[in-house]
A.B. asks: 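Take a look at the following structure, please.
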Amino acid sequence: MKLYNTETKTKADFIPIDPNHVTMYVCGPTVYNYCHIGNFRPPVVFDVLARVLRAKYPKLTYVRNITDIDDKINAAAAEQGVEISHITEKFTQAYHDDLAVLDVLPTDVEPKVTEHVADIHAEIQSLIDQGHAYEAQGHVLFSVASYPGYGELSKRDPDELLAGARVDVAAYKRDPGDFVLWKPSASDQPGWDSPWGRGRPGWHIECTAMAAKHLGDTIDIHGGGNDLVFPHHENERAQSTCSHGAKFVNYWLHNGLINMNQEKMSKSLGNVLLLKDLATQMPGEVIRYILLSAHYRAPLDWSDDVVQQAKNSLDRLYGVLRKMQDVDVPNDIANHIPAAFDAAISDDLNTPKALAELFALAKQANASQADMTHEEKVNIKAALLQSGYWLGLLQADPQAWFEGDSNDDQAADIERLIAERAQAKADKNWQRADEIRDELAAKKVVLEDGPSGTIWRIEN
RNA sequence: GGCUCGAUGGCAGAGUGGUUAUGCAGCGGCCUGCAAAGCCGUGUACACCGGUUCGACUCCGGUUCGAGCCUCCA
């Protein structure tokens with residue numbers, strides 16, 4: 001497959017270091033608050049990539065961290081007068097709940113910073129020993145000047161970075177571009193003992209330590225939002241390369257951000273949509289569909305229109321599956337991925353194109369189901385389901401999808417009225433039949449008469 | 001100001017140097033007791049100005065507009 005690499009700015013064939021074992025690291029959340037929809041684009045995008053890689057290679061180790069040491073966490077804990085673990089445990093759980101709503105599969109490893117403090121110390125010591133880091137006033141700083149490759153990922157000239165620096169530079173820095181690896185904690189702040197005094201790690205060293213510990217010095221794929229390219233990934237790259245003397249990442253992948261009304265979703269603008277709130281208004285699958293309806297590198301505008309369109313589009317696909325409910329597919333359908341779908345998803349994860357291939361299958365099924373052999377139906381349904389699985393879509397029961405959140409009592413009620421209407425229709429009592437349909441329509445229930453009886457769905 | 005990316009039909013969104021993207025919405029038809037679903041058909045789409053080319057939405061240059069980033073503080 002081909003992947004676009006931020007570092008080379010080109011799309012290239014993906015060649016793993018070890019074809020029998022692919023490695024991928026994606027930056028996870030800092031657990032100090034509920035996550036908004038923008039925070040979930042990376043987990044969903046890289047979940048699709050993980051599903052595809054697992055299908056194409058014998059083994060994938062996918063690591064996505066939890067950042068549970070951070071000054072924002074400290075601030076939240078101090079504000080609420082609780083231990084930081086109280087904050088981090090609560091929001092780690094919330095994050096997992098949200099991922100489940102989006103049908104994001106678990107990663108192989110989910111390391112926490114608090115469990116890797118010793119590894120972080122080792123990385124920092126390694127950098128000091130090799131002359132890439134220095135101690136100053138309780139801080140340990142990375143020396144940007146010690147690494148000529150600094151700026152290659154984010155396409156920045158270190159000299160110009162200095163010129164553009166708009167914050168006061170701390171006096172203890174040798175170079176304004178130097179960034180902190182370890183910083184001291186005041187006695188009332190959370191801190192960990194270290195060779196450089198009690199303190200806490202800087203922003204970037206944690207990912208270096210966790211990636212190296214779980215995936216080795218050089219990893220195949222590193223992903224994240226494109227707001228992380230600089231400084232986070234640039235700094236990770238500098239730390240890892242200097243500490244281990246090896247290339248850090250072969251393929252850097254970055255997703256575009258989600259906009260609300262043409263603006264970045266951010267708390268300061270007050271335009272965030274928390275996933276847990278969104279999930280009360282629509283199925284998680286609709287959210288996931290929206291996230292995959294644009295190419296992962298493109299920005300994505302969130303709007304009510306987009307939500308409705310996604311819902312309607314999924315209705316179309318589930319409509320096909322509902323029509324084929326009585327077609328049994330074999331358990332093992334992994335080899336039913338259509339070539340065109342595979343080609344689309346393998347072309348730098350072109351999910352919009354892949355979705356179009358799904359609609360092509362749907363059209364084929366809708367147009368010619370009556371003349372299809374049983375085997376053809378099995379094949380097309382298996383293709384839809386397996387392609388859907390790669391995207392993390394279409395795995396729900398089709399009837400349940402259309403019934404929405406209506407309960408059994410309501411369903412029984414609807415079925416009773418449908419039976420009454422069937423009798424009215426048999427009696428050619430169109431007036432009564434239409435009365436029943438109108439009555440149900442008032443409750444958002446839409447009827448569809450088909451050759452095998454009447455089915456119903458809840459209107460969006 | 002610097003770096004990076006983008007501008008496609010009512011909306012969303014792929015793609016390609018000359019051929020239908022796809023979905024949603026709309027319109028016409030078929031089907032239906034009537035609908036719904038589905039099928040068929042349908043719409044001055046490729047920001048602007050130059051250039052390259054037999055031919056550009058697609059390549060090159062410029063303009064305009066938009067988005068993200070510009071750390072160590074928070």
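In what follows, every chain begins at residue 1, and chains take the letters A, B, ... in the order their sequences are listed.
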A.B. asks: Treat a base pair as Watson-Crick or G-U wobble with both distances under 3.5 Å, then lay out RNA chain B in dot-bracket form, 5' to 3', with | for cross-strand pairs.
C.D. replies: (((((((..(((.....[...))).(((((.......)))))....(((((..]....))))))))))))....

A.B. asks: Taking only the side-chain nitrogens and oxygens of A/Asn235, find out if one of them lies under 4.0 Å from OP1 or OP2 of B/U71.
C.D. replies: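 For B/U71, neither OP1 nor OP2 has a side-chain N or O of A/Asn235 closer than 4.0 Å.
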
A.B. asks: Looking for any heavy atom pair under 4.0 Å, which part of the strands does A/Ser154 touch: base, sugar-phosphate only, or nothing?
C.D. replies: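 It contacts sugar-phosphate atoms only.
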
A.B. asks: With a 4.0 Å limit, can you tell me whether A/Asn312 has a side-chain N or O closer than that to the phosphate oxygens OP1/OP2 of B/G23?
C.D. replies: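 So the side-chain polar atoms of A/Asn312 never come under 4.0 Å of the phosphate oxygens OP1 or OP2 of B/G23.
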
A.B. asks: Check this one for me: any side-chain N or O of A/Lys183 less than 4.0 Å away from OP1 or OP2 of B/C73?
C.D. replies: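 Yes.
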
A.B. asks: Which is true for A/Val446 with a 4.0 Å heavy-atom rule: it touches a base, it touches only sugar-phosphate, or it touches nothing?
C.D. replies: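 Sugar-phosphate, backbone atoms only, no base.
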
A.B. asks: Can any side-chain N or O of A/Arg288 pair as donor or acceptor with the backbone N or O of A/Leu391 at less than 3.5 Å?
C.D. replies: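 It does hold such a pair.
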
A.B. asks: From the list B/G13, B/G15, B/C24, which nucleotide is the closest neighbour of the side chain of A/Gln309?
C.D. replies: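 Of the candidates, B/C24 comes closest.
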
A.B. asks: For the pair A/Arg200 (side chain) and A/Pro184 (backbone), establish whether a donor and an acceptor sit closer than 3.5 Å, ignoring hydrogens and angles.
C.D. replies: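 Yes; at least one donor-acceptor contact below 3.5 Å.
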
A.B. asks: Assign A/Lys323 to base, sugar-phosphate, or nothing according to its heavy-atom contacts below 4.0 angstrom with the strands shown.
C.D. replies: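 The answer is sugar-phosphate, as A/Lys323 gets under 4.0 Å only of primed atoms, P, OP1 or OP2.
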
A.B. asks: Please evaluate the base of B/G33 for a donor-acceptor partner in the side chain of A/Asp434 within a cut-off of under 3.5 Å?
C.D. replies: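 Side chain to base: pair present.
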
A.B. asks: Would you say the side chains of A/His254 and A/His233 form a donor-acceptor pair under 3.5 Å?
C.D. replies: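 There is such a pair between these side chains.
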
A.B. asks: Answer yes or no on whether A/Arg156 is positioned over the face of A/Phe230, meaning its NZ or CZ is under 6.0 Å from the six-membered ring centre and within 45° of the axis.
C.D. replies: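 Yes - A/Arg156 lies over the ring of A/Phe230, closer than 6.0 Å to its centre and within 45° of its axis.
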
A.B. asks: Give A/His139 one of three labels, base, sugar-phosphate or nothing, depending on what nucleic acid heavy atoms sit under 4.0 Å from its own.
C.D. replies: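 No contact.
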
A.B. asks: Do A/Gln308 and A/Asp304 have a side chain donor and acceptor closer than 3.5 Å?
C.D. replies: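 Distance-only check fails for A/Gln308 and A/Asp304.
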
A.B. asks: Rounded to whole angstrom units, what separation is found between the CZ atom of A/Arg41 and the P atom of B/G68?
C.D. replies: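 Checked: the CZ to P distance equals 14 Å.
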
A.B. asks: Under 4.0 Å, counting only non-hydrogen atoms across every strand here, what does A/Arg421 touch: a base, just sugar-phosphate, or nothing?
C.D. replies: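 Since a base atom lies under 4.0 Å of A/Arg421, the category is base.
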
A.B. asks: Counting side-chain heavy atoms from CB outward, which of B/A14, B/A37, B/C39 is closest to A/Arg457?
C.D. replies: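 Ranking B/A14, B/A37, B/C39 by closest atom to the A/Arg457 side chain puts B/A37 first.
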
A.B. asks: Could you check which of B/C70, B/G33, B/A36 has an atom nearest any side-chain atom of A/Phe230?
C.D. replies: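 Of the options given, the side chain of A/Phe230 lies nearest B/C70.
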
A.B. asks: When you get a sec, tell me which of B/U71, B/C34, B/G15 is the closest nucleotide to the side chain of A/Tyr150?
C.D. replies: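 For the A/Tyr150 side chain, the nearest candidate turns out to be B/U71.
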
A.B. asks: Does the side chain of A/Glu234 pick up a donor-acceptor pair with the side chain of A/Ser154 at under 3.5 Å?
C.D. replies: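 There is such a pair between these side chains.
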
A.B. asks: Where the side chain of A/Pro231 is concerned, which of B/U71, B/U4, B/C11 is the nearest nucleotide?
C.D. replies: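 It is B/U71.
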
A.B. asks: Has A/Arg156 got a side-chain N or O lying under 4.0 Å from the OP1 or OP2 atom of B/G68?
C.D. replies: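 The answer is no; no side-chain N or O of A/Arg156 sits under 4.0 Å from OP1 or OP2.
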
A.B. asks: Give a yes or no on whether the ring-centroid distance for A/Tyr172 and A/His139 is below 6.0 angstrom.
C.D. replies: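 Judged by ring-centre distance (under 6.0 Å), A/Tyr172 and A/His139 do meet the cut-off.
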
A.B. asks: Among B/G23, B/U4, B/A14, which nucleotide has an atom closest to any side-chain atom of A/Ser313?
C.D. replies: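 Nucleotide nearest to A/Ser313's side chain: B/G23.
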
A.B. asks: Hey, is the side chain of A/Arg437 pairing donor to acceptor with the base of B/C34 inside 3.5 Å?
C.D. replies: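 It does, because a donor-acceptor pair links the side chain of A/Arg437 to the base of B/C34 below 3.5 Å.
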
A.B. asks: Taking N and O atoms by type only, does the side chain of A/Gln308 place a donor or acceptor under 3.5 Å from a partner on the base of B/C24?
C.D. replies: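 Per atom types, no contact qualifies.
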
A.B. asks: Any cation-pi pair here, A/Arg51 with A/Tyr389, using under 6.0 Å and within 45°?
C.D. replies: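 The answer is yes; both the distance and angle limits are met.
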
A.B. asks: Could you check which of B/U22, B/G13, B/A14 has an atom nearest any side-chain atom of A/Asn350?
C.D. replies: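 The answer is B/A14, which lies nearest to the side chain.
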
A.B. asks: So, OP1 or OP2 of B/C34: does either fall under 4.0 Å of a side-chain N or O from A/Lys425?
C.D. replies: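 Indeed not, no polar side-chain atom of A/Lys425 lies that close.
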
A.B. asks: Taking only the side-chain nitrogens and oxygens of A/Arg297, find out if one of them lies under 4.0 Å from OP1 or OP2 of B/U4.
C.D. replies: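 No.
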
A.B. asks: What's A/Leu257 touching, base or sugar-phosphate or nothing? Going by heavy atoms closer than 4.0 Å.
C.D. replies: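 Sugar-phosphate: the residue A/Leu257, judged by heavy atoms under 4.0 Å, touches backbone atoms but no base.
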
A.B. asks: Under 4.0 Å between a side-chain N/O of A/Lys363 and OP1 or OP2 of B/C40, yes or no?
C.D. replies: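 Answer yes for this pair, as a side-chain N or O of A/Lys363 is under 4.0 Å from OP1 or OP2.
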
